[in-house]
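Single-structure report; data block below.
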Amino acid sequence: MSTAKIRTRYAPSPTGKMHVGNLRSALYEFLIAKHDGGDFMLRIEDTDQERFVEGAIDIIYRTLEKTGLKHDEGPDKDGGYGPYIQSERMKTGIYMKYAKELIDKGEAYYCFCDKERLASLKTEVVDGKEISFYDKHCLGLSKEEIEANLAAGKPFVIRQNIPNEGSTTFTDELYGDITVENSEMDDMILIKSDGYPTYNFANVVDDHTMNITHVVRGNEYLSSSPKYQRLYDAFGWQSPVYVHLPLITDENHKKLSKRSGHSSFEDLIDQGFVTEAVVNYIALLGWSPEDNREIFTLDELIKEFDYHRISKSPAVFDIVKLRWMNGEYIKAMDFDKFYEMAEPYLKQAITKDLDLKKIAAMVKTRIEVFPDICEMVDFFEELPEYDTEMYVHKKMKTDKESSLAVLKDLKGILEAHDDYTNDSLYELLQGYAAEHEYKNGYVLWPVRTAVSGKQMTPAGATEIMEVIGKEETLNRIEKAIQMLG
Ligand code: GLU
């Protein structure tokens, strides 16, 4: 490797949502560049016009912006290496120019075979997929035949000419040297009949002409990489450092797919995950620091990230772990930001005029994702139906009978009391317990059950009473007395 400034690129195809695997590639490319003060570039790979999805480019911009993976160069930010969109690069004639250079060198050739002929070729099953190997038929065409075909406007593709003998070696930073017999490689198409380059050709031409030093991508590209290496060699270009990333699987060790329900960044955000937590979690899908630390800001990742520590084993996307991590981010979040994100969920569960900020403070340290809020606070809105068995608590030494006695006693006391602040109510209930030589729990358990109707609440009895107020507290206690009586 030269000592040139590090330049990495994120090269998404605009085909829809931002898959977790794509975001991981973008993140690692960003981190490799920023770790060394290099440049991170965005290149849009839209040469497969059939897979193009309207709006997908906007998703890419939005996601990079939201996640903080700021690109130094891209379609919207010229750095002198543009155009940054492959369909626009094509119009400059760059791919055709290089393809013709390969033809001149004998490393590529025109192919005029029609669909019928291609369909009649022998097929082989490789990795479960049926692949047909082109038989080099058009390599035998004479110069005159080729020129006549071109002049007649006959549709063509340009194929890479891979010899049947020998082998090709390619180096990946994680996988080391990979050697493939040339006879096992198909003469892949470089330029398609619509004039567009294939990904296979464009990625090589672009990475070279855009001075890319490090390429990070999913290991599904590993098997094609020897072909790319042959292209670099044919041009006499130095290939970039390659880092192929391990597969991301779901909990069942199957490739993470839409079916999991959380395979894209947008899915995760819609499910109430915090952007920073998602980025942090994705950083750990295949990478870990020496000390196994887990919580990182983006700046900390920039400092710590070392691509040599990326693992080759598949990374399991563990939603339970992400939920935990998200909870940690929520706990650490400043309250105003938290409230802003929590408010829609609070309002979904609570329509009454209650102090939502107070309720938000109760749940902040208890939720893992924002939608958890709804179920946690719904009792503020309306007392749920509940079972009187909930009054029986071994540790608190309470049962239905003791609870009924305590609540009956307290009803009058609470009616006479006017200061419904948490502190005052707590003092009142504690004073009552002390007076009767009861443990606090013996009193607080039945009260909390009566005012919430829930086994688990995000706050204690008196905090709940403060929020729902005197009238509602007394109604709920009366209801409990009736149920227990
Ligand atoms: N356009 C390719 C993709 O989205 C990029 C692969 C690469 O990074 O080279 O999968």
Side-chain angles (χ1 to χ4, degrees), residues 271-274 276-277 323 326-386 390-391 396 403 406-407 410-433 440-441 443-481 483:
Q271 287 161 24
F273 288 95
V274 178
E276 291 80 359
R323 284 182 62 98
N326 202 65
E328 296 301 301
Y329 272 82
I330 290 177
K331 277 183 208 147
M333 204 178 260
D334 82 57
F335 184 77
D336 288 343
K337 181 172 178 204
F338 171 74
Y339 186 71
E340 198 187 306
M341 295 180 78
E343 200 180 20
Y345 296 96
L346 289 164
K347 287 196 164 152
Q348 201 176 307
I350 300 170
T351 60
K352 284 186 180 162
D353 185 20
L354 301 180
D355 187 340
L356 294 185
K357 285 211 165 147
K358 237 175 221 157
I359 299 174
M362 293 173 183
V363 298
K364 185 165 181 281
T365 57
R366 291 182 159 79
I367 58 167
E368 289 187 326
V369 289
F370 285 94
D372 289 352
I373 291 176
C374 299
E375 209 236 290
M376 213 175 262
V377 306
D378 54 3
F379 69 90
F380 283 107
E381 173 84 359
E382 198 182 306
L383 185 71
E385 295 287 326
Y386 66 95
M390 266 163 47
Y391 287 97
M396 307 289 180
S403 296
V406 164
L407 292 173
L410 284 174
K411 197 186 164 210
I413 296 174
L414 286 166
E415 251 161 11
H417 193 76
D418 279 321
D419 184 357
Y420 266 65
T421 57
N422 176 34
D423 288 347
S424 172
L425 288 165
Y426 193 77
E427 212 176 292
L428 182 75
L429 296 189
Q430 211 181 20
Y432 166 81
N440 282 347
V443 176
L444 293 173
W445 181 264
V447 176
R448 190 176 64 101
T449 305
V451 297
S452 72
K454 285 209 158 184
Q455 197 98 37
M456 304 246 271
T457 57
T462 54
E463 290 167 275
I464 296 169
M465 291 155 81
E466 177 182 69
V467 169
I468 61 175
K470 182 170 178 177
E471 194 187 330
E472 182 66 11
T473 298
L474 293 173
N475 286 344
R476 292 185 181 192
I477 296 219
E478 177 55 33
K479 167 111 196 268
I481 292 170
M483 281 168 70

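Atom CG of D336 sits about 13.5 Å away from atom CE of M341, to the nearest 0.5 Å. We find the CD1-CD1 distance between I367 and I330 to be 4.0 Å, quoted to the nearest 0.5 Å. Remark: N326 CG to E276 CD distance equals 9.5 Å, nearest 0.5 Å. Annotation: the span from T449 atom OG1 to I477 atom CD1 amounts to 10.5 Å, rounded to 0.5 Å. Separation of atoms CG (L407) and OH (Y391) is listed at 5.5 Å; rounding is to 0.5 Å.
Minimum heavy-atom separation, A461 to L444: CB-O, 4.0 Å. Contact record, K331 with T365: CE-O, 3.4 Å, taken as the closest heavy-atom pair. When all heavy atoms are compared, the tightest approach of E466 to N422 is OE2-N, 2.9 Å. Summarising the geometry of R366 relative to T457, their closest heavy-atom pair is NE-O, 4.1 Å, with the distance given to 0.1 Å. Residue P384 comes nearest to S452 through the heavy atom pair CD-O, 3.2 Å, listed as atom of the first residue, atom of the second, then distance. Annotation for R448 and A459: closest pair CD-O, 3.8 Å, computed over non-hydrogen atoms.
When the side-chain contact (heavy atoms from CB on, under 4.5 Å) test is applied to L383, the partners found at least two apart in sequence or on another chain are Y386, R476, K479.
Panel note: side chain D355, backbone V467; no donor-acceptor pair is recorded below 3.5 Å. Using a distance-only test at 3.5 Å, with no hydrogens or angles considered, no donor-acceptor pair links the side chain of E472 to the main chain of G469.
The aromatic rings of F335 and F338 are tilted relative to each other, their planes meeting at an angle between 30° and 60°.
In this structure, D334 places its CG atom where more than 12 heavy-atom neighbours from other residues, nucleotides or ligands lie under 6.0 Å away.
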Run the numbers on Y432 and V406 for side chain to side chain contact (heavy atoms under 4.5 Å, CB included), then give the verdict.
CA-CA 10 Å; Y432 166 81; V406 164; 4.2 Å; yes

Name each donor-acceptor pair under 3.5 Å that joins a side chain in residues 410-417 to protein atoms two or more places apart or in another chain, with its distance.
unit_1 : atom_1 : unit_2 : atom_2 : d
K411   : NZ     : E478   : OE1    : 2.8
H417   : NE2    : D419   : O      : 3.0
H417   : NE2    : S424   : OG     : 2.8

Scan the side chains in residues 370-381 for donor-acceptor partners under 3.5 Å anywhere in the protein, sequence neighbours excluded, and list what turns up.
unit_1 : atom_1 : unit_2 : atom_2 : d
D372   : OD1    : R323   : NH2    : 3.1
D372   : OD2    : R323   : NH2    : 3.0
D372   : OD2    : E368   : N      : 3.0
D372   : OD2    : V369   : N      : 3.3
D378   : OD1    : K454   : NZ     : 3.0
E381   : OE1    : T351   : N      : 2.6
E381   : OE1    : T351   : OG1    : 3.4
E381   : OE1    : K352   : N      : 3.1
E381   : OE2    : T351   : OG1    : 2.5

